[in-house]
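Here the structure is laid out as structure tokens; the discussion comes afterwards.
As the structure is a computational prediction, the values presented were derived from the model and not from experiment. Throughout, protein chains are lettered first and strands after them, A, B, ... in sequence-line order, and every chain is numbered starting at 1.
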2 protein chains.
Amino acid sequence: MEDKAQIQEAIKIQGEVVRKLKSEKASKEQIDEEVAKLLQLKARIGGDDGKHQFVLKTAKGTRDYNPKQMAIRERVFNTIIGCFKRHGAETIDTPVFELKETLTGKYGEDSKLIYDLKDQGGELLSLRYDLTVPFARYLAMNKITNIKRYHIAKVYRRDNPAMTRGRYREFYQCDFDIAGQYDGMIPDAECLKIVHEILSELDLGDFRIKVNDRRILDGMFAVCGVPDDKFRSICSTVDKLDKMPWEDVKKEMVNEKGLSEEAADRIGEYVSLQGGMDLAERLLQDQRMSQSKQACAGLSDIKLLFSYLQLFQVTDKVVFDLSLARGLDYYTGIIYEAVLTQAGVAPAPAEAQNGAPAEESVSVGSVAGGGRYDGLVGMFDPKGRKVPCVGVSIGIERIFSIMEHKAEASAEKVRTTEVQVMVASAQKNLLEEKLRLITELWDAGIKAEVMYKKNPKLLSQLQHCEESGIPLVAILGEQELKDGVVKLRVVATREEVDISRADLIAEIRKRTSEA
Amino acid sequence: MEDKAQIQEAIKIQGEVVRKLKSEKASKEQIDEEVAKLLQLKARIGGDDGKHQFVLKTAKGTRDYNPKQMAIRERVFNTIIGCFKRHGAETIDTPVFELKETLTGKYGEDSKLIYDLKDQGGELLSLRYDLTVPFARYLAMNKITNIKRYHIAKVYRRDNPAMTRGRYREFYQCDFDIAGQYDGMIPDAECLKIVHEILSELDLGDFRIKVNDRRILDGMFAVCGVPDDKFRSICSTVDKLDKMPWEDVKKEMVNEKGLSEEAADRIGEYVSLQGGMDLAERLLQDQRMSQSKQACAGLSDIKLLFSYLQLFQVTDKVVFDLSLARGLDYYTGIIYEAVLTQAGVAPAPAEAQNGAPAEESVSVGSVAGGGRYDGLVGMFDPKGRKVPCVGVSIGIERIFSIMEHKAEASAEKVRTTEVQVMVASAQKNLLEEKLRLITELWDAGIKAEVMYKKNPKLLSQLQHCEESGIPLVAILGEQELKDGVVKLRVVATREEVDISRADLIAEIRKRTSEA
């Protein structure tokens, strides 16, 4: 077996060699030679026994969900969807792939992470990178100018996966967005209220929601003396402040990005500031900052935002943080990001043991993020008509990881089915009677199972109930059939009572209604 | 505008020309020349105004789901998932793409319809073609020998779409499968029971479930004198009997596939047979058919199956039909397919008007299908260990199409949100009070909305309720605030009552609990 694995590895490497030569349009002879080597390797690994040798795995950066993980996922989704519905959202769905040109020019640097489909004739397609760009395409295509919608679906990024930390190449996004021309900051505040509700309900430990505004960042760069053409590049350096100390960030600004030391120091003062409405007020009075109209507009909106957040009773977790930058190009106003602050809840240590860099494992990472993007829909409209939008995306995979670890640690038994009753028999040759009974139960809407054996042992039927958490067993025997009853057994207490066939359905409903 | 569309069409065509040349590795000069033409076309269509011109559409054969369609989809899913859970199924999920080699050699001819991803370095990947092969890969990879699971997810086929009939390139499959070594025909019968339950509950009109067995087909071909190497090709011709009359099928067998007329006529006699357990019994006595051991094994199993179907009370819709063949390679035993028999429920006529061939629009098409595939998991196991499986797949897109048409025709209003109450104001400057109230409602779990305007008109607030079916309005005014009450308005009756703030939540719950 060891040998086989080695040969398979060699086949993989040789396969890459051949592919590379082909993509480089190497000479036919060269390609043929390497293909021959590949075929030799394949022949060594049981080429002639007629059986294919499969590498039994999922694609890099992806995972299967087993029934236990699905049960946890369903619980998390129910909480999130419940919140979205409480806030009156509709839902839509879009295809997993879009025309390649729909995604082009929306993600800046990150475009290289987009999965393209092979050109098999016809259109050029790419897997969606997020749900926001397809949403904007949907709005423009259908000329929709206001909607409040959620969308839960998988997105695809050819990033370096870090699966133990919940970073995958295929992952779910849970997006809630409000599109429409409305009075300032009301929808924006609702998005933050939603993040607050969801993270509180999921009970993931303490969290904080950082808030900033693209206009404040741009205004700050301007008044600190950053040249216009360096805004974006300096912004992406600021974005590293949650992973690097200020000294290193400053070094990158000065040494790599060519910013003057004075400008960097001025930025350094601002980005260390955190607060609430008071900080926004203070900065509106700040001699330097107040010179930027953009910054002032952003700061006034932060003030207004906080006044609504007070009414929504969520200011305990929200911080105005001037170091928050966020990567995506399309934001135009307020931006926010939620992070878990309780140490130890994240599964980061597991990865540190696997040789991941230590500084990575310290950061718990954001579990939600979003902001205002008033220009994106206009990019799709033939006449450039804008539809203002604000939204939030819940990063569900990290939450799954945490919940899975919690479930494992707590020894709490996660049920993977909802079966209420098992139809069992105490003697042989009762299959037909059991099938007759379970048909009655199914047709009455009772969740019920029967073993697919003609004559299973009673013990194995009871064991199945214990293992999968089925609370009741309806036992048939010769005597019960004669008496027109069913023996109903409570698995947890082993209590048994005879119930008449006519009362059985009501009895099962009664006993499992609060289960 | 007319002009623009024409230029865009020209750009599209020219783009294809360039792509074709590149794929054919044409000379650099030739490619450059055509690229220049393409750029000229692009320049004509507002090249310099800085705005990109997007083709606003989804990829061929795919669709968006709008909120109304999603509401219908959710209802259909709830019915289907409810049935799967009633039968005790767990659920799993697998990635949307698999290693290409995982899908290779599983679909016969249909393999050409698989979507491949572009080779961007790393593994070669393909979008899943169904959920059955990934399920088998999952079982083998995790060494699972018995499980009852459902899986609802999208699959991808580069087929010719016929969207008005619900045939897409991206579409949902709802699969229920039972894996494990069990006593004969019990799980198989449960799969048919499930199809019966789902189609009855969805209320799509009358339906029929055709049943056959691969072993009966093979045995029949053998005793009719079909050469071994022609089984599969003749089988695929038989599969056309639901679209073509027997004469044409026979012609194809004799003229195209080279079968003798006598053999074809013998097959013709068998494939016209339909019945139930009695037909299986009759064929077991049939002089010719009884010569095939395989056929006899299949016929005995059909008998056993019908005995269980009688207990499940579903024989009214199930027909043993010797003309049922089904395309996929991996079936080894019983096969089945459900079709809607009521004329007029399917949206086919719409397509006929659009110029589709008339014979296509007659067939309503199958809405569910499946069978036994005992060999598939073994294809993934390094030692070839088999795990017997039987399952069914519900073809949900056709069902969506029918439900959508029904919803449109019935003028029944489909709600797209579940909002219970709108928080509204009768006078100006009450935004803060409204946000305070809605926070109380949200925190109590009430589904509530407020308009994102500082001073919306009462009329527009009430109109929004009428449009989106919100049953209650909680109206705040100066007087109500003074009195510590809220005016609760019932949208349908226009009845208004003052409710004290303390009682409001309970009152809303009471009034919307049966809504």
If one checks every heavy atom of A:I470 against chain B at 4.5 Å, the contacting part turns out to be neither

| said: Can you tell me if B:K112 has over 12 outside heavy atoms packed within less than 6.0 Å of its NZ? | reply: yes

Subject >> Check: B:F312 and A:I438 side chains under 4.5 Å, non-hydrogen atoms >> reply: yes

*Using distance alone, with no hydrogens and no angle criterion, decide if A:Y452 and B:E190 have a side-chain donor and acceptor under 3.5 Å apart.*
yes

Check whether A:Q120 reaches the backbone of B:R158 with its side chain - one donor and one acceptor, N or O, closer than 3.5 Å. no

Per-residue tally against chain A (heavy atom, under 4.5 Å) across B:G82, B:G15, B:G88, B:S307 peaks at B:G88

Among B:E440, B:K60, B:R63, B:R86, the residue with the most heavy-atom pairs under 4.5 Å to chain A is B:R86

Subject >> Full working for side chain to side chain contact (heavy atoms under 4.5 Å, CB included) between A:Y156 and B:V96 >> reply: CA-CA 10 Å; A:Y156 299 87; B:V96 80; 3.0 Å; yes

So, the part of A:I144 with a heavy atom under 4.5 Å from chain B: the answer is neither

So, the part of A:E197 with a heavy atom under 4.5 Å from chain B: the answer is side chain

In terms of heavy-atom pairs under 4.5 Å with chain B, the winner among A:E432, A:Q313, A:E98 is A:E432

| query | Below 4.0 angstrom, N of the basic side chain to O of the carboxylate: do B:E123 and A:K12 qualify? | reply | no

message = Less than 4.5 Å apart, side chain to side chain, heavy atoms only: is that true for A:N66 and B:Y138?
response = yes

When the 4.5 angstrom heavy-atom criterion is applied to B:L435 and chain A, the contacting part is both

Smallest heavy-atom separation, B:L56 atom then A:P382 atom, equals CD1-CD, 4.3 Å

Interatomic distance, OG@A:S126 vs NZ@B:K118, rounded to 0.5 Å, equals 8.0 Å

Can a donor-acceptor pair be found, under 3.5 Å and without considering hydrogens, that links the side chain of A:T439 to the backbone of B:L311?
yes

Cut-off 4.5 Å, heavy atoms of chain A, and the answer for B:K154 is side chain

Interface check, chain A: of B:R436, B:E16, B:K57, most non-hydrogen pairs under 4.5 Å belong to B:K57

Here the gap from A:E90 atom CD to B:S468 atom OG, rounded to the nearest 0.5 Å, amounts to 8.0 Å

Max heavy-atom pairs within cutoff under 4.5 Å with chain A, candidates B:V450, B:L441, B:L431, goes to B:L431

Within the side chain of A:E418, is there an N or O that forms a donor-acceptor pair under 3.5 Å with the backbone of B:K85? no

If one checks every heavy atom of A:K193 against chain B at 4.5 Å, the contacting part turns out to be side chain

Practice task
Would you indicate whether the side-chain heavy atoms of B:I186 and A:K453 approach each other to under 4.5 Å?
Solution key: no

Whatever's closer than 4.5 Å to a heavy atom in chain B on A:Y168 counts as neither

If one checks every heavy atom of A:I446 against chain B at 4.5 Å, the contacting part turns out to be backbone

Cut-off 4.5 Å, heavy atoms of chain B, and the answer for A:E201 is neither

With no hydrogens and no angle check, is any side-chain donor or acceptor of A:D183 less than 3.5 Å from a backbone partner on B:K454? yes

**Prompt:** Quick one: do B:D93 and A:R73 make a salt bridge, cutoff under 4.0 Å?
**Reply:** yes

Pairwise side-chain contact, A:P67 with B:I92, heavy-atom cut-off 4.5 Å (strictly under):
yes

Turns out that what part of A:L437 lies under 4.5 Å from chain B's heavy atoms comes down to neither

Residue from B:A189, B:C83, B:G122, B:G105 scoring the most non-hydrogen pairs under 4.5 Å with chain A is B:G122

Applying a strict 4.5 Å limit to non-hydrogen atoms, the region of A:E170 in contact with chain B is side chain

Does the distance from a Lys or Arg side-chain N to an Asp or Glu carboxylate O, for B:E449 and A:K148, drop under 4.0 Å?
yes

Nearest heavy-atom approach of B:A59 to A:L99 is CA-CD2, 4.2 Å

- Query: Do B:Y65 and A:T91 have side chains that get closer than 4.5 Å, going by heavy atoms?
  - Reply: no

With side chain to side chain contact (heavy atoms under 4.5 Å, CB included) as the test, would you mind laying out the steps for B:R19 and A:D119 before giving the verdict? CA-CA 9 Å; B:R19 259 201 298 287; A:D119 185 356; 3.2 Å; yes

Whatever's closer than 4.5 Å to a heavy atom in chain A on B:E74 counts as side chain

Worksheet entry | Flag side-chain contact, heavy atom, 4.5 Å: A:L117 against B:L127 | yes

If you tally heavy-atom pairs under 4.5 Å between each of B:T58, B:T94, B:I147, B:D116 and chain A, the highest tally belongs to B:D116

I'd like to know if the side chain of B:W442 reaches the main chain of A:H87, judged simply by a donor and an acceptor atom lying under 3.5 Å from each other, with no hydrogens or angles considered. no

Turns out that what part of B:A89 lies under 4.5 Å from chain A's heavy atoms comes down to backbone

### Task
Apply side chain to side chain contact (heavy atoms under 4.5 Å, CB included) to B:D64 and A:R137, showing your working.
CA-CA 11 Å; B:D64 295 320; A:R137 191 265 306 146; 2.7 Å; yes

The interface call for B:I194 against chain A, heavy-atom contacts under 4.5 Å, is neither

Could you check whether any side-chain heavy atom of B:L125 comes within less than 4.5 Å of a side-chain heavy atom of A:Y115, counting everything from C-beta outward?
yes

